[in-house]
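By convention in this document, chain letters (A, B, ...) are assigned in the order of the sequence lines, proteins followed by strands, and residues within each chain are numbered from 1.
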Amino acid sequence: MSEPLPPFQAPTGTHDVLGPDSALWEGLVGTFAQRAYRYGFSLVMTPIFEDVGVFTRGIGEESDVFRNEMYVFSDRGERRYALRPEGTASVVRAFVQHQPTTPWKAWYVTPAFRYERPQAGRYRQHYQLGAEVLGTEDPTVDVEVIALAHGFFREIGLTRVRLLVNSMGHTACRASYVELLSEYLAEHQDELVDEHREGWRLNPLRVLDCKNESCVAVTAKGPMLVDHLCAECRDHFDQVLAGLSALGIESTLAPRLVRGFDYYSRTTFEFVADALDAAQNAVGGGGRYDTLAEQLGGKPTSGIGFGSGVERVLLARAAEGIVTPLLKRSLDVFVVDTTGDVGVARLVEDLRSAGVATERAYDQRSMKAQMKVADKSGARWALLIGPEELAAGEVTMKDLRSEDFNQAQSRVARSEIVSTVQELLTK
RNA sequence: GUGGGCGUAGCUCAGUUGGUUAGAGCGCCAGGUUGUGGUCCUGGAGGCCGCGGGUUCGACCCCCGUCGCUCACCCCA
C-alpha cells in the first residue's frame with residue numbers, strides 16, 4: 001500500500017528552493033534589482049549555455065574552472081557548448097555582438113555551473129547576482145561597481161563583510177612583474193608545497209593565492225604586484241582607492257589577492273564574510289578586464305564587473321543571525337465558504353482583480369477546519385460565507401488579528417465587500 | 001579527483017550488549033453537540049529503518065558493496 005520512494009531527486013550539488021525560503025531569494029534578487037536600477041544599470045539576459053570558446057578565451061585554459069569544472073557538451077549539430085561557469089563572459093559576448101552605446105551598464109541574475117564536489121557554500125549549480133560596465137576605464141566606475149556591491153551587502157543586513165582590493169596591472173606591467181616573480185620563485189621553489197614546486201611555471205600568480213604556510217612564507221617576502229605597477233596603473237589604482245575612501249567605504253589592500261579567472265587586469269576585489277567559518281567565505285568579487293572584449297572578437301573595450309553568490313550571501317546572513325525578512329508580504333483576506341456556491345469563486349476573483357491578496361480553502365472542509373487554515377495563512381481578515389450570508393447577500397468579515405475572538409466581526413453587503421476591504425487596506 | 005561523518009514517519013531525532021507488534025516531539029487529518037482560528041484534551045493517518053548482498057535461530061543494530069547527503073582538501077560565488 002505504501003508509495004514507492006521517489007525515483008528522482010535534484011542532481012548532486014543542486015537544490016530546490018521552496019517557500020518560505022524562496023521569499024528570501026525573491027527579496028534578495030528584488031533588492032539587488034532595485035539597487036542596480038538606482039545606479040543606472042539595466043537587466044541583461046543571455047543564454048545559459050554558450051560556445052565553449054566564450055568561456056575558454058577569457059577564463060583561461062590553464063584555470064581550474066576551465067580544466068576540470070566546465071559542463072561541456074555537444075548538441076545534435078556537433079557544436080561544442082558549455083553551461084556558463086560564471087556571468088561575465090556571456091555578458092561581454094553579448095556586448096561584442098550587439099555593440100550597445102557605451103558606457104554600457106548591465107546587471108544580471110543567473111545560475112552558474114561548475115562540476116566539482118559540493119560542500120558548504122559550493123554547489124554544481126549556484127546563482128549569481130552581478131553587474132558589468134563596459135566602455136570606460138574611468139576609475140570612478142570601478143568605485144561605483146564596488147559601491148553597488150557594498151551597498152547591497154549593507155542593505156540586506158550584512159555587517160561582517162570586509163572588502164579586499166588589489167590591482168593586477170595592465171597586460172604589459174603584469175607581464176614584467178610575472179617575470180620578476182618567476183625569478184624569485186625559481187630561487188625558492190624548494191620551499192613551496194609539492195603542487196607548486198613543479199607547477200608554478202604554468203601560472204606563477206597562482207602561488208600567491210596558495211594558503212599553504214610554506215608557500216605563504218615564501219611569497220610574503222617576494223615581490224608584490226602593487227609595488228611594480230606602471231605609472232598609469234598605479235595612478236588608476238590610487239584613484240580607485242581615493243574614490244572608495246571618499247565614499248566612506250572601508251577597504252583592505254590585499255596584494256596577494258589573485259582571482260580565479262585570467263581575464264582580470266588592474267582593479268580586482270573580493271568581499272569576504274567573516275561570519276562564515278566555512279572554507280567558502282567569499283560572498284562576492286570581481287574586477288576590471290581590459291582585454292576580454294577583444295579576446296571575444298570585439299573592439300578593445302575596457303570593462304569592470306562583479307558577481308555575488310546568492311547561496312553564500314544567504315549563508316552569511318544566517319551566520320550573522322539576521323532574521324529580518326527581505327520581503328514583507330502577507331495575505332489580505334482569506335475566504336471561508338461552506339456553501340460551495342459559485343458566487344464565492346466570483347467574489348474571490350473580484351477581490352484579486354481589485355488588488356486584494358486573497359486565498360481561500362478548497363475541498364469543502366468544515367468551517368472550523370477552514371478557519372484554522374485561515375489563521376495559519378497570516379491573512380488580515382477572514383471573509384465567512386455560510387448559508388445565512390448567502391441567503392442575505394452578505395459576508396461576515398472577521399478581524400483575524402484581534403485579541404477578542406468573538407467580537408471582531410461584522411456583516412458587510414456582498415456588493416460592498418471589495419470596496420470595504422480596499423478602504424481598510426489603505427488605512 | 002582524494003579523505004572523514006551520516007542515511008529510522010512530511011520535519012527534527014530516540015531506538016537499550018543483535019530478540020519477536022519500530023517510538024517521541026512538531027506537522028497533517030478528524031472530533032471535543034447546534035456555522036468560527038492562536039492554548040488545551042482525545043483519536044487517527046503516515047515508516048521496503050536509503051538500496052543490494054552476507055553473518056545469525058533471529059538484523060534498524062554486525063560485515064561487505066552500492067547509492068545519496070554532508071564536511072574538508074583542491075578551487076571558487
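Closest to the Arg365(A) side chain, of the nucleotides rC29(B), rA72(B), rG32(B), is rC29(B). Listed nucleotides rA77(B), rA72(B), rG37(B) differ in distance to Arg312(A); the shortest reach to its side chain belongs to rA77(B). With rC28(B), rU36(B), rG35(B) as the choices, the nucleotide that has an atom nearest any side-chain atom of Glu389(A) turns out to be rG35(B).
Remark: the Gln280(A) side chain and the Tyr123(A) side chain contain no N/O donor-acceptor pair separated by less than 3.5 Å. Side chains of Arg162(A) and Thr252(A): a donor-acceptor N/O pair is absent below 3.5 angstrom, by distance only.
Remark: the Gln280(A) side chain and the rC75(B) base include a donor-acceptor N/O pair separated by less than 3.5 Å. No N or O donor and acceptor, one from the side chain of Glu116(A) and one from the base of rA72(B), sit under 3.5 Å apart.
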**Report entry** Step-by-step side chain to side chain donor-acceptor pair (under 3.5 Å) determination, Arg93(A) to Thr46(A)
**Finding:** CA-CA 9 Å; Arg93(A) 195 272 308 146; Thr46(A) 60; 5.2 Å; no
**Report entry** Check against side chain to side chain contact (heavy atoms under 4.5 Å, CB included), Leu24(A) and Arg317(A)
**Finding:** CA-CA 10 Å; Leu24(A) 281 173; Arg317(A) 252 177 69 93; 3.8 Å; yes
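When heavy atoms are screened at a 4.0 angstrom cut-off, Glu388(A) is found touching base atoms of the nucleic acid.
Between rG32(B) and rC13(B), the distance separating the two P atoms is 36 Å to the nearest Å. Distance check on atom C1': rA59(B) versus rC51(B) gives 16 Å, rounded to whole Å. rG19(B) and rC74(B) have their C1' atoms separated by 48 Å, with the value rounded to a whole Å. To the nearest whole angstrom, the two P atoms, one in rC61(B) and one in rU17(B), are 15 Å apart. Distance check on atom P: rA9(B) versus rG23(B) gives 14 Å, rounded to whole Å. Separation of the C1' atoms belonging to rG50(B) and rC6(B) is 12 Å when rounded to the nearest angstrom. Rounded to the nearest Å, the gap between the P atom of rA22(B) and that of rC40(B) is 29 Å. For the C1' atoms, the distance linking rG54(B) with rC11(B) amounts to 34 Å, nearest Å.
Taking the six-membered ring for Trp and thresholds of 30 and 60 degrees, Trp25(A) and Tyr127(A) have ring planes more than 60 degrees apart, a perpendicular arrangement. Ring pair Phe49(A)/Tyr81(A) is perpendicular by interplanar angle, where above 60° counts as perpendicular and below 30° as parallel.
At whole-Å resolution of the value, CG in Asn281(A) and C1' in rC73(B) are 15 Å apart. Distance CG (Leu276(A)) to P (rA72(B)): 10 Å, rounded to an integer number of Å. The interatomic distance linking Glu86(A) (CD) with rC75(B) (P) rounds to 18 Å, in whole Å. One interatomic measurement links the two molecules: CE of Met70(A) to C1' of rG1(B), which rounds to 18 Å at whole-angstrom precision. When the C1' atom of rC29(B) is taken as reference, atom CD of Gln370(A) falls 15 Å away, rounded to whole Å. Put simply, CD on Glu270(A) is 12 Å from C1' on rC75(B), counting in whole angstrom units. Lys368(A) has its NZ atom 14 Å from the P atom of rC28(B), to the nearest Å. Here the P atom of nucleotide rU39(B) and the CG atom of Asp375(A) are 8 Å apart, to the nearest Å.
Annotation: cation-pi pair Arg124(A)/Tyr115(A) present, NZ/CZ under 6.0 Å from the ring centroid and within 45° of its normal.
No more than 12 heavy atoms of other residues, nucleotides or ligands lie within 6.0 Å of CZ in Arg329(A), so this atom counts as exposed by the packing criterion. Other residues, nucleotides and ligands contribute more than 12 heavy atoms inside 6.0 Å of the CZ atom of Arg411(A). More than 12 heavy atoms of other shown residues, nucleotides or ligands fall within 6.0 angstrom of atom CZ in Arg80(A). Shown here is Tyr37(A), whose OH atom has no more than 12 heavy atoms of other residues, nucleotides or ligands within 6.0 Å.
The stretch residues 315-341 of chain A does not touch RNA chain B, since none of its heavy atoms comes less than 4.0 Å from the strand.
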Distance-only criterion, 3.5 Å: show the donor-acceptor pairs between side-chain atoms of residues 420-427 of chain A and protein atoms not counting sequence neighbours.
from      : atom 1 : to        : atom 2 : distance (Å)
Thr420(A) : OG1    : Glu416(A) : O      : 2.6
Gln422(A) : NE2    : Ala354(A) : O      : 3.0
Thr426(A) : OG1    : Glu423(A) : O      : 2.8

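Remark: Asp341(A) engages no residue in a salt bridge (charged side-chain N to carboxylate O under 4.0 Å, His left out) (not counting sequence neighbours).
With hydrogens and angles ignored, the 3.5 Å screen pairs no side-chain donor or acceptor of Arg288(A) with any backbone N or O of Thr267(A). Side chain of Glu320(A) to main chain of Thr159(A): a donor-acceptor pair is present (N/O by atom type, distance under 3.5 Å, no hydrogens or angles).
Aromatic rings of Trp107(A) and Tyr39(A) (six-membered ring for Trp) have centroids beyond the 6.0 Å cut-off, not under it.
In this structure, Lys376(A) does not reach the rG27(B) phosphate: none of its side-chain N or O atoms is under 4.0 Å from OP1 or OP2.
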Shorter than 3.5 Å, N or O on both sides, protein versus nucleotides 66-71 of chain B: list them out with atom names.
from    : atom 1 : to        : atom 2 : distance (Å)
rC69(B) : OP2    : Thr12(A)  : OG1    : 3.0
rC71(B) : OP2    : Ala120(A) : N      : 3.1

Are any protein N/O atoms closer than 3.5 Å to N/O atoms in nucleotides 9-11 of chain B? If there are, list each pair with its distance.
none

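Remark: RNA chain B takes part in the stems B:1-7 with B:67-73, B:10-13 with B:23-26, B:28-32 with B:40-44, B:50-54 with B:62-66, each of 3 or more antiparallel Watson-Crick or G-U pairs, criterion distances under 3.5 Å.
When each of Gln125(A) and Met371(A) is assigned the nucleotide of RNA chain B bearing its nearest heavy atom, the one mapping closer to the 5' terminus is Met371(A).
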